[in-house]
2 protein chains.
Amino acid sequence: MAFTASAPRAFIQQQNLVEQVADYLTQAIIQQHFLPGERLSEVQLSRDLGVSRAPVREAARLLESRGLLISKPRRGFFVRALNAVELEDVFDLRLCLERHAIHRLVERYTPEAKRALEEQVDVLCEAAESNDGTRRIEEDLQFHRLMLHYAGNERLLRAFDDLTHELRLCITLITKTHEAPDTIATSHFKLLEALDSGSPDACHEAIDYHIGVARKFVVKGVGETGEHSDEDILPR
Amino acid sequence: MAFTASAPRAFIQQQNLVEQVADYLTQAIIQQHFLPGERLSEVQLSRDLGVSRAPVREAARLLESRGLLISKPRRGFFVRALNAVELEDVFDLRLCLERHAIHRLVERYTPEAKRALEEQVDVLCEAAESNDGTRRIEEDLQFHRLMLHYAGNERLLRAFDDLTHELRLCITLITKTHEAPDTIATSHFKLLEALDSGSPDACHEAIDYHIGVARKFVVKGVGETGEHSDEDILPR
DNA sequence: CGATTGCCGACTGTCGACAGTTTTACCAGC
DNA sequence: GCTGGTAAAACTGTCGACAGTCGGCAATCG
């Protein structure tokens, strides 16, 4: 993950094999080194990574709970492939969570939260100028994560984080198109304005518009490629 | 999943060891055979259940992702204990999900959905008459699960199911009080009426009231016992 | 008498191995 | 050439074992 850079480790890295394997797999999936629907062999992975099967299994289970892998009994793990319907569902849930979050947030909009969000928009704008698509996405998600954080409901944040893994998956899978930097910027500025106004309705409208745009981008991508049939990988 | 109070061994024999262990642990936690904050020893569990540590570990990881257990590196797994704040968060998220669900549902309220929900209310009323507290809770949750199901967003349903595990935990932990059977009944009838009316606002109001009542019951329980301090078990 | 340090037991993280099942490859029959 | 069945190969589910680590306890020192 791009987040790992900020993690306070780097002193001793001899521990937590499971986490390391999970990170590796996450990266590999997002960067499409494993294709959607592809089967992952435990033995081969453990050979490639130089670890035993136990941590690989645990890591795979972890990714399964995050919705990146799907396990079929006695068959193994498969890379999750999202069809159009599931994609819509993901964005619908995202809308559900973020609407609720911004309603809470506008009622407790502290100067601290305001500053943090504004700073993050700056970072995001900077990232938008660069060519690093992954970083743009991460900074974008980070902004929304901050919103959820300052909304003051840890469980809500966790639900969002859960969803984020899938979100990251479908965004990276499809969005090859470069969103214009200023589009990203203004889109987020509107959220800040709505929060500043203190009006729940304005916030509601802003977040609906914001997520609607993101959704359109992604869903359009699916429609164009037409790569994913109606039943790609059965959910469970 | 029938579960005998204390019988561990020989229960586990057929297939899907992980799932069975997970079910066993879930039941044991909900029925308070393991107390909140208590540490679970992998070796002891594997001895008691007559299986090796591998499935126990995987099951524990599963319950961790469901929020029933918490793992500390090199220390093992602990039974999750919710403090008052986390409890509020859970119910707030529940409100978020169910509001969204009922809004979707009222827009696609098919006769099939209507019938299914009405049947479930019947079952629930029947269960409410009985003394089986667990069954009452399960049937109640099942009603809400049906609502989420007919709302037509699988991912939303999954988020609800995730939350349900924690919900079950705190409800069972605290609610020793018997809700009056007719209270339960009318409370759900109001939801059906709101859906029948086809008015989103009515639905919104009905679900807010409904969950507000449930929340008050549980939160009051916490306040009364005062058993849980502000920091019981650190979340992660 | 209180604080610190070293030791001991217990436990987790990880590993390699075995058994049963699924998939694949191959061959015979149509 | 294609289909169906059989056998080998590969893989998952599960197990027991070993080593490093953590917490607690006791002996030692100030």
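Here is the naming used below: chain letters follow the sequence lines, and residue numbers restart at 1 for every chain. Being a predicted model, the structure only gives us computed values, none of them experimental.
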Separation of D/dT14 atom C1' from B/Gln20 atom CD, nearest Å, is 13 Å

Note: contacts of residues 53-62 of chain B with DNA chain D (heavy atom, under 4.0 Å) are B/Arg53, B/Ala54, B/Pro55

(request) Using a 4.0 Å heavy-atom cut-off across all strands, classify A/Leu45 as base, sugar-phosphate, or nothing. (result) nothing

Regarding the side chain of B/Leu17, the nearest nucleotide among D/dT14, D/dG23, C/dC11 is D/dT14

Look at B/Glu154 together with B/Arg158 and state whether they make a salt bridge at an N to O cut-off of under 4.0 Å. no

B/Asn16 atom CG is separated from D/dT14 atom P, nearest whole Å, by 7 Å

note: A/Leu69, atom CG; D/dT12, atom P; distance rounded to Å ~ 12 Å

Sub-4.5 Å side-chain heavy-atom contact between B/Phe78 and B/Glu38
no

Salt bridge or not between A/Glu64 and A/Arg80? Use side-chain N to carboxylate O under 4.0 Å. no

When rounded to whole Å, the CD1 to C1' distance for the pair A/Ile70 and D/dT12 reads 18 Å

From NZ of B/Lys72 across to C1' of C/dC11 the rounded distance in Å is 15 Å

Q. Is there a side-chain contact between B/Leu62 and B/Val21 (heavy atoms, below 4.5 Å)?
A. no

With the side chain defined as heavy atoms from C-beta on, A/Glu42 is closest, among D/dC15, D/dT12, C/dT12, to D/dT12

With both pairing distances under 3.5 angstrom for Watson-Crick or G-U wobble, and | for a partner in another strand, the correct string for DNA chain C is ||||||||||||||||||||||||||||||

Atom CZ of B/Arg39 and atom C1' of C/dC11 are separated, to the nearest Å, by 6 Å

Please tell me whether B/His144 and B/His188 form a close aromatic pair, meaning their ring centres lie under 6.0 Å apart. yes

field: A/Gln142 versus A/Gln120, side-chain donor and acceptor atoms under 3.5 Å
entry: no

Does the distance from a Lys or Arg side-chain N to an Asp or Glu carboxylate O, for B/Arg155 and A/Glu86, drop under 4.0 Å?
no

Ranking B/Arg75 and A/Gly50 by the position along DNA chain C of their nearest nucleotide, the one closer to 5' is B/Arg75

From CG of B/Leu49 across to P of D/dG13 the rounded distance in Å is 19 Å

Per-nt protein contacts along nucleotides 5-10 of chain D (heavy atom under 4.0 Å; B base, S backbone sugar-phosphate only, - none) come out as ------

Rounded to the nearest 0.5 Å, the CG atom of B/Leu157 sits from the CG atom of A/Asp89 at a distance of 10.0 Å

Practice item. Look at B/Arg66 together with B/Asp162 and state whether they make a salt bridge at an N to O cut-off of under 4.0 Å. Key: no

Of D/dT21, D/dG16, C/dT21, the nucleotide closest to the side chain of A/Arg74 is C/dT21

Original post:
Under 4.0 Å between a Lys/Arg side-chain N and an Asp/Glu carboxylate O for B/Arg215 and B/Asp92?
Top reply: no

Paired with A/Glu42, the salt bridge (charged side-chain N to carboxylate O under 4.0 Å, His left out) test is passed by just one of A/Arg61, A/Arg47, A/Arg57, namely A/Arg57

| task | Considering just the side-chain nitrogens and oxygens of B/Ser52, establish if one lies under 4.0 Å of OP1 or OP2 belonging to D/dC15. | result | yes

Rounded to whole Å, CZ of A/Arg47 lies from P of C/dC15 at a distance of 15 Å

